[in-house]
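Report on the structure given below.
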Amino acid sequence: MKRVVALCAATMLFGASPASAQTFTPMGTYLITGTVTVSRGISMSCVLNVTLTVPSTPSSTALATPQFLAGASPCPALTFTGTPYTVTYDPVAAKISMSGIMVGGCSGTITGTWNNTTKILLLNSALTGTPVCTVNGQLTAPGSLNIF
């Protein structure tokens, strides 16, 4: 019995890590914006605004409504359908995912690396489409938004 207890204690100390909770806080609506490169056969620079809604404090998910505003002439014509999208955060990988995306004949999940200190989200995503669609760039969030 002592060996089983010792084995369990060793596993807890060296092999298992505690679960990390994902948290969006505080409750509110935030504008995350920046310039991204959108590619689907051709590349264009577009301004992407994402309205992020955190429904409670703290929250394990948030809702996002993205919109291309300006940039190369076709940018504003690229519309997102089926919004808002669910946003989740993986604290171990520091990755944010916005799933269920449908835009300009492409679909899938847009992911990015989040830095809670600088409030910068670096996007590097490929969406399903023919040809494949990519969204790459940097978005900046207000200093009051915390995702950890």
Side-chain angles (χ1 to χ4, degrees), residues 8 10-148:
C8 289
T11 301
M12 288 174 55
L13 272 174
F14 300 109
S17 59
S20 297
Q22 59 192 24
T23 302
F24 295 82
T25 189
M27 180 177 73
T29 301
Y30 303 90
L31 181 62
I32 303 171
T33 188
T35 301
V36 297
T37 300
V38 179
S39 299
R40 184 172 185 208
I42 62 166
S43 290
M44 58 192 140
S45 181
C46 301
V47 174
L48 176 62
N49 278 3
V50 178
T51 302
L52 184 76
T53 303
V54 178
S56 62
T57 298
S59 181
S60 61
T61 62
L63 297 174
T65 304
Q67 180 181 15
F68 289 115
L69 292 182
S73 79
C75 293
L78 294 173
T79 57
F80 290 86
T81 58
T83 63
Y85 304 120
T86 299
V87 179
T88 57
Y89 179 65
D90 175 353
V92 175
K95 294 281 186 193
I96 287 181
S97 298
M98 186 168 42
S99 57
I101 300 292
M102 292 181 286
V103 61
C106 297
S107 62
T109 300
I110 291 179
T111 60
T113 304
W114 171 251
N115 184 316
N116 198 53
T117 302
T118 62
K119 309 302 182 191
I120 290 176
L121 175 61
L122 294 175
L123 298 177
N124 185 8
S125 297
L127 299 172
T128 303
T130 304
V132 172
C133 305
T134 60
V135 179
N136 301 302
Q138 178 176 306
L139 304 180
T140 303
S144 57
L145 175 64
N146 288 295
I147 305 171
F148 52 91

Note, [X] side chain near [Y] side chain (heavy atom, < 4.5 Å):
{"X": "L31", "Y": "T51", "answer": "yes"}
{"X": "I101", "Y": "L127", "answer": "yes"}
{"X": "L123", "Y": "L48", "answer": "yes"}

**Item:** Working for side-chain contact (heavy atoms from CB on, under 4.5 Å), residues L139 and V36
**Value:** CA-CA 8 Å; L139 304 180; V36 297; 4.1 Å; yes
**Request:** Carefully, step by step, assess V103 and F68 under the rule side-chain contact (heavy atoms from CB on, under 4.5 Å).
**Result:** CA-CA 10 Å; V103 61; F68 289 115; 4.1 Å; yes
**Message:** For a side-chain contact (heavy atoms from CB on, under 4.5 Å) check, start with the C-alpha distance between L121 and T140, then their side-chain angles and the critical distance, and finish with the verdict.
**Reply:** CA-CA 6 Å; L121 175 61; T140 303; over 6 Å; no
From [atom1] ([X]) to [atom2] ([Y]), nearest 0.5 Å:
{"X": "I96", "Y": "F24", "atom1": "CD1", "atom2": "CZ", "result": "5.5 Å"}
{"X": "M102", "Y": "T81", "atom1": "CE", "atom2": "OG1", "result": "4.0 Å"}
{"X": "T33", "Y": "Q138", "atom1": "OG1", "atom2": "CD", "result": "11.0 Å"}
{"X": "T65", "Y": "L63", "atom1": "OG1", "atom2": "CG", "result": "7.5 Å"}
{"X": "T23", "Y": "N146", "atom1": "OG1", "atom2": "CG", "result": "10.0 Å"}
{"X": "L69", "Y": "L78", "atom1": "CG", "atom2": "CG", "result": "12.0 Å"}

Minimum heavy-atom distance [X]-[Y], with the two atoms named:
{"X": "P66", "Y": "F80", "answer": "O-CD1, 3.3 Å"}
{"X": "N136", "Y": "S125", "answer": "OD1-N, 3.5 Å"}
{"X": "N116", "Y": "F148", "answer": "ND2-CD2, 4.4 Å"}
{"X": "K119", "Y": "G143", "answer": "CE-O, 3.3 Å"}
{"X": "P26", "Y": "S144", "answer": "CD-O, 3.2 Å"}
{"X": "A141", "Y": "I32", "answer": "CB-CG1, 3.8 Å"}

Donor-acceptor pair, side chain of [X] and main chain of [Y], under 3.5 angstrom:
{"X": "R40", "Y": "T130", "value": "yes"}
{"X": "T53", "Y": "P55", "value": "no"}
{"X": "T57", "Y": "M27", "value": "yes"}

**Asked** Between Y30 and V54, is a side-chain contact (heavy atoms from CB on, under 4.5 Å) present by the stated rule, with each step listed?
**Response** CA-CA 8 Å; Y30 303 90; V54 178; 3.9 Å; yes
**Message:** When you compare the side chains of T113 and K95, does any donor N or O come within less than 3.5 Å of an acceptor on the partner?
**Reply:** yes
